[in-house]
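In the text below, chain A, chain B and the rest are named by the order of the sequence lines, each starting its count at 1. Since the model is a prediction, treat every value here as computed from it, not as a measurement.
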Protein chains: 2
Amino acid sequence: MGTTKRGSERREDALSRERIVDAAIELLDEEGESGLTFRSLASRLATGPGALYWHIANKGELLVAATDAVIARTVAQVPAVATPHEAIRGIAVGVFETIDAHPWVGAQLSRAPWETPTLRIFERIGRQVQALGVSGRAQFTSASALLSYIVGVSIQNAANGRLFEPSVDRADFLDTMSARWKQLDAHEYPFTRKVAAQLPGHDDLAEFLAGIDLILAGIAASR
Amino acid sequence: MGTTKRGSERREDALSRERIVDAAIELLDEEGESGLTFRSLASRLATGPGALYWHIANKGELLVAATDAVIARTVAQVPAVATPHEAIRGIAVGVFETIDAHPWVGAQLSRAPWETPTLRIFERIGRQVQALGVSGRAQFTSASALLSYIVGVSIQNAANGRLFEPSVDRADFLDTMSARWKQLDAHEYPFTRKVAAQLPGHDDLAEFLAGIDLILAGIAASR
DNA sequence: TGTTGTTATGGAACGGCGTTCCATGGGCCG
DNA sequence: CGGCCCATGGAACGCCGTTCCATAACAACA
């Protein structure tokens, strides 16, 4: 692996771990997860696949690095607010929107759990859980329940967006889904059929935050 | 695609969608997600890769079918209990244990959301939410919050199990993780470092159920 | 400035993947 | 018995991640 050393200026177009990771993020955002290959990445950087391996061990490491770069930016941008409750909502919204904008981040978070990206989120949540006054052992429980919920819902949400072509807009998508649910077997899926009617006009982010409030209410009730 | 027709008995070793899916499940359980290839599957069924495509459109469909078979078995085996609260815990435990035993099921659930397997779980949860007395619009919110939490935590848990070789046992795993967390930067990760001490002796399933109770407490509080 | 050794590059090649193609065989119906 | 369609399975295509290695760029020293 390469450690670019010395203050001396190497060639202008020199590769570096950072340049590679940035290009990978661009590629993932533009072409989706399947658009990132060592060949496409190399061609974007005007080099060959072999050269990349001097800076990065394998594709897994590349994906972790790309995810970490994106998540680090996210947690850094969460606005400071007055109450822990609001702060947790802020983190939740940040993660939700990040994964919505970069669906590959979600997939990566569940594929490689408890890597640095996950820990960044966990840490931010944990501090606020502490600030809520949750006692010792319950801090871990509360923080990891929130983490799992936030990441879990965000992934589901982002995956939904890719169920149909990007051209299909949100209202049409919900209508299609609702119609499909209504055609399910009446005996096997009574509940799903009933709530299908609620699907159009459904606000994912609001629903998500309502879930956060549910969990926070639970934490408060059992404090 | 093939529709095996007629009551007549075809050759003894005839392929069928069902035989293929069963063999795929075996392969996934024994060799993990990367162990399932059309070639390995064909050789287990003593045929060639091309023959499989008569019964199954592509690998995605195969994975959905395999996941659905496993999840269907799971929801069918959830024991009947007295209260909706207990019933939801029962479903949660069933899903948790299924994904723990078949980690590939978890990956698949988040990759292809709102396919039949997810709907099966959603339906069971929804009925119990209804039985809890949750009112109209809140039913959807509550059921999908529970679904996301249950699937999200189960996936994280199963992924943890694959972080190290299967030979490493659970206590060693938690010790290693705890040690790693304690070495994080003191200024950037104060919370994570503090709860690292709680990691050994940590009971994932109990923690998971505690989170369920948190959410149910929240649902009850806001009913 | 010339020489030497390390750092870094990038093209070629390897094995394996999902998928497609197509020549062939088994079983039913006229 | 002959024709036909369902079903089979092996070969081939184009891609992937990764490895290998010849060689270019650069730093240090004579």
| request: Scan nucleotides 13-21 of chain D nucleotide by nucleotide, 5' to 3', and note B when protein non-hydrogen atoms come under 4.0 Å of the base, S if they reach only the sugar-phosphate, - if neither. | output: ---BBBBB-
| query | Over how many whole Å does the gap from A:Leu45 atom CG to C:dG11 atom P extend? | reply | 13 Å
| query | Hey, would you say the B:Trp114 and B:Phe122 ring centroids sit under 6.0 Å apart? | reply | yes
| field | Non-neighbouring partners of A:Glu97 that pass side chain to side chain donor-acceptor pair (under 3.5 Å), sequence neighbours left out | value | none
| said: Could you work out, with side chain to side chain donor-acceptor pair (under 3.5 Å) as the rule, every residue matching B:Thr192, not counting sequence neighbours? | reply: A:Glu123
| remark: When rounded to the nearest 0.5 Å, the distance separating CD1 of B:Ile150 from CD1 of B:Ile88 is 7.5 Å
| request: Grab the CG-P distance between B:Leu41 and C:dT19 for me, whole Å please. | output: 12 Å
| field | Residues in side chain to side chain donor-acceptor pair (under 3.5 Å) contact with A:Asp29, at least two apart in sequence or another chain | value | A:His102, A:Trp104
| query | Rounded to the Å, how far apart are B:Leu52 CG and D:dG9 P? | reply | 9 Å
| task | Please state how far atom CG in B:Leu62 lies from atom C1' in C:dG18, giving the value in whole angstrom units. | result | 12 Å
| Which residue pairs pass the salt bridge (Lys or Arg N to Asp or Glu O under 4.0 Å) test when at least one of the two sits in residues 183-205 of chain A, sequence neighbours left out? | A:Arg170-A:Asp204
| request: Look at the side-chain N and O atoms of B:Trp54 and state whether any lies under 4.0 Å from the OP1 or OP2 oxygen of D:dA7. | output: yes
| Side chains of A:Ser40 and A:Ser43: do they bring a donor and an acceptor to under 3.5 Å? | no
| query | Once you round to the nearest 0.5 Å, how far does OG1 of B:Thr118 lie from CD of B:Gln108? | reply | 9.0 Å
| Dot-bracket notation for DNA chain D, counting Watson-Crick and G-U pairs under 3.5 Å, with | for partners on another strand | |..||.||||||||||||||||||||||||
| field | Gap between atoms CD1 and P, on B:Ile56 and C:dT19 respectively (whole Å) | value | 11 Å
